[in-house]
Protein chains: 2
Amino acid sequence: MVLPRAAKTQRRTRIQEEKEEQILEAALEVFSANGFRGSTIDQIAEVAGMSKPNLLYYFRTKEAMHRALIDRVLDTWLDPLRELDAEGNPVAEIRSYIRRKLEMAREFPRESRLFANEILQGAPHIEDELKGPLKQLVDEKAEVIRAWAKAGKIAKCDPYHLIFAIWSTTQHYADFDVQVRAVLGQENAGDGRFEDAARFLERLFVDGLQVRE
Amino acid sequence: MVLPRAAKTQRRTRIQEEKEEQILEAALEVFSANGFRGSTIDQIAEVAGMSKPNLLYYFRTKEAMHRALIDRVLDTWLDPLRELDAEGNPVAEIRSYIRRKLEMAREFPRESRLFANEILQGAPHIEDELKGPLKQLVDEKAEVIRAWAKAGKIAKCDPYHLIFAIWSTTQHYADFDVQVRAVLGQENAGDGRFEDAARFLERLFVDGLQVRE
DNA sequence: TGTAATGTTTACCAACCGGTCAAATTATCA
DNA sequence: TGATAATTTGACCGGTTGGTAAACATTACA
C-alpha cells in the first residue's frame, strides 16, 4: 500500500501511536499560541522534531491536525462541568466547579487558549461542537442550577449567565495571562495569583461585594 | 515629493484624512476577526475598497496599520475605568462601571476582539501599553477600591482580581459571542442576552449567590 | 532471511503574501 | 491654465506556505 494513513489501517502501529502523540503535542503548543491561520505546518513540524512531509504523512492537512487536536481536548475540557452534581450541596458544588475550572486554567492554559483562539475568530472549525455537545451539556447543568434556585438553595439567577461568568473569570487567567501578569507586575510573578484569584472568586460568587455582618 | 507620507507632511490633506479613516475602519474589521498574523493586507484593502499599493501609500507596513489602530482604540477602551470615581458611592460606582463595560462589549465588539486577539497571542505588539499606561491606570483605581474596602464601604476583596473579574465577565459577551449565541440558542438571538447579562452581573457582583432575606 | 508494508527524506510546485517601483492619473493652487 | 504635488494603478519580486511526488530507508512478520 502506498498511503496507509492511520485512518485507513485497521490497527495502529506503535510508531503511529508515538508520532501522532508528538504531533498533537506540538500542534497544541503552536495552535494555542498563534491561532489556526497564524500557525504554520513548518512550525509544528519543528516543535514535533520531524520534517514537514513526515508530519503530513500522519495528518494529511493542517485542518486534519487541528480537528484531531480539538476532538482530543474538548472532552477533557468539559469534564469540570460534567462533574457538577445535582445531588450535592448547591453552594459547595458551584464553589468546587469554580475551583476545578481555575485549576484547569493553571494546568492547561494551552488548551484554554486553543479554544479561545478558535471562538474569538468565529469558531469556524468547531461550530458543530458548540451547538451540539456543548449546548447540550450546558442546557442540562443549567437546569440543575435553575432547580437549586427554585428550591431556594441559592439566589435566583440566570443559570446560563452564571455559567458564562464562571467560564470567563476562570479562563481569563489562562487566556489573558500576559495582561494579568503585566498588570500585577513582576513582584507577583509566581503562581500566587492563582491562589489570590481562587480566594477572590469564591468570595465573589458566594457573597458578592455587599458588606454583611 | 515622491513619498509625502502622512507622518512627514505638515498638514494632512482632506483625502489623507478620509482614506486613513477608511483604512483603519477596514483594519479594525479584519484584524479583530482574524488577528494580526491571520489578516492580510489584501483583505483589508478589499474591505477598504482600494488597491493594496494604494493602501500601502498611507501605511507603509501592516505593522504600522496595526499600531495606528491600537493607538486610536486603546484610549476609548480604557475610558470606562477612568470614569470610576473615588468620590462616588462605591457600590453604585462599581455597578455603573460594569454597566459601561458591558455597553462597550455590545457596541464595540470588534475593538474588544482586537485586544483579545492580541493579548491571547502574547501581546507582541502592545506589551509596552500593558506594562505602562494600562498598569498605571489599574494601579490607581485598585487603590481607590482598596480604600473603599478599608473604609467598610464594600466587602474586603483583592481590587485587582475584582477588576479582572469585571473585565472578563463583560468582555466575554464580545469576545466569545459565537459561543454565547450557540449555547443560548437562536431563540435568544436578539440583544436580549445583554440585558439578561446586565441583570445577572449586577446581582452577582453586588449580592453574590448566597440566599439572603 | 526475504519481502511487503510502513515510515522518512529530498526536491519540488503553485498559490499567497508583504512590499516595491515606475508610470499614469488626479487634485491643488499660484 | 499650467506646473507641481498628491494619489492611484498594474506589473512585479522574493520569501513563505500548504501540500505533492517519488525515491529511499526501516520495520514487521511469514
Side-chain angles (χ1 to χ4, degrees), chain A residues 1-24 26-27 29-31 33-69 117 121 124-125, chain B residues 1-24 26-27 29-31 33-69 117 121 124-125:
Chain A
M1 233 196 296
V2 177
L3 277 182
R5 311 278 185 171
K8 292 186 177 177
T9 51
Q10 301 294 8
R11 272 236 308 257
R12 295 167 67 218
T13 317
R14 170 185 54 86
I15 295 184
Q16 271 170 38
E17 212 93 43
E18 289 173 9
K19 290 296 164 85
E20 286 174 15
E21 176 62 32
Q22 275 180 46
I23 293 171
L24 289 181
E29 186 71 25
V30 175
F31 280 138
N34 307 108
F36 183 77
R37 276 215 59 186
S39 303
T40 72
I41 300 183
D42 293 87
Q43 281 177 325
I44 298 170
E46 195 189 330
V47 173
M50 61 182 79
S51 68
K52 180 168 63 169
N54 195 182
L55 185 154
L56 285 165
Y57 171 75
Y58 293 99
F59 295 94
R60 258 188 286 262
T61 66
K62 193 177 158 185
E63 300 242 1
M65 245 167 53
H66 191 253
R67 166 132 305 275
L69 182 59
N117 262 303
Q121 310 198 353
H125 305 96
Chain B
M1 236 195 298
V2 179
L3 276 182
R5 310 281 184 166
K8 292 186 178 178
T9 51
Q10 300 296 8
R11 272 235 310 257
R12 294 168 69 216
T13 317
R14 171 183 54 86
I15 296 184
Q16 271 171 37
E17 212 94 43
E18 289 174 9
K19 290 296 165 83
E20 286 174 14
E21 176 62 34
Q22 274 180 48
I23 293 171
L24 289 181
E29 187 70 26
V30 175
F31 281 137
N34 307 107
F36 183 77
R37 277 215 59 186
S39 304
T40 71
I41 300 184
D42 292 87
Q43 281 176 323
I44 298 171
E46 197 189 329
V47 173
M50 61 182 79
S51 67
K52 180 169 62 168
N54 196 181
L55 187 154
L56 284 166
Y57 172 74
Y58 293 100
F59 295 94
R60 260 189 284 264
T61 66
K62 193 178 159 186
E63 299 241 2
M65 245 167 52
H66 191 253
R67 167 132 305 274
L69 183 59
N117 261 304
Q121 309 198 353
H125 305 97

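What you see is a predicted model; the values in this text were computed from it and never measured. Order of the sequence lines fixes the chain letters, A, B, ..., with proteins taken first and strands second; residue numbering starts at 1 for each chain.
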Please work out if B:Lys52 contacts a base, only the sugar-phosphate, or nothing of the nucleic acid, heavy-atom cut-off 4.0 Å.
-> base
Rounded to whole Å, the CZ-C1' distance (B:Arg37 to D:dT17) equals 9 Å
Inter-residue atom distance A:Tyr57.OH - A:Gln16.CD, 0.5 Å rounding | 6.5 Å
B:Glu18 atom CD is separated from D:dT7 atom C1', nearest whole Å, by 13 Å
Is the shortest side-chain N/O distance from A:Gln16 to OP1 or OP2 of C:dG7 below 4.0 Å?
-> yes
Value in whole Å for how far the C1' atom of D:dA21 lies from CG of A:Asn54 | 15 Å
Nucleotide C:dT26, atom P - distance to NZ of B:Lys19 in whole Å = 12 Å
Atom-pair distance (CD on B:Glu63; C1' on C:dG18), nearest Å | 11 Å
What integer distance in Å separates B:Asp42:CG from C:dT20:P?
-> 14 Å
Between P of C:dG19 and CZ of B:Phe59, the distance in whole Å = 13 Å
Would you kindly give the CG-to-P distance between A:Leu56 and C:dA11, to the nearest whole Å?
-> 18 Å
Would you please confirm or rule out a distance under 4.0 Å between OP1 or OP2 of D:dT8 and any side-chain N or O of B:Ser51?
-> no
Report, as yes or no, whether the 6.0 Å neighbourhood of atom CD on A:Gln43 holds more than 12 heavy atoms from other residues, nucleotides or ligands.
-> yes
Does a side-chain heavy-atom distance below 4.5 Å link B:Phe36 with B:Glu63?
-> yes
From the list C:dT20, D:dG18, D:dA6, which nucleotide is the closest neighbour of the side chain of B:Pro53?
-> C:dT20
Selection from C:dG7, C:dG19, C:dC21 that lies nearest to any side-chain heavy atom of B:Thr61 = C:dG19
Distance, nearest 0.5 Å, that separates NZ of B:Lys52 from OG1 of B:Thr40 | 8.0 Å
Should we say atom CD of B:Gln22 is surrounded by more than 12 heavy atoms from elsewhere, each under 6.0 Å from it?
-> yes
Short side-chain N/O contact to C:dT8 OP1/OP2 from A:Tyr57, under 4.0 Å = no
How would you label the contact of B:Thr40 with the nucleic acid (heavy atoms, under 4.0 Å): base, sugar-phosphate, or nothing?
-> sugar-phosphate
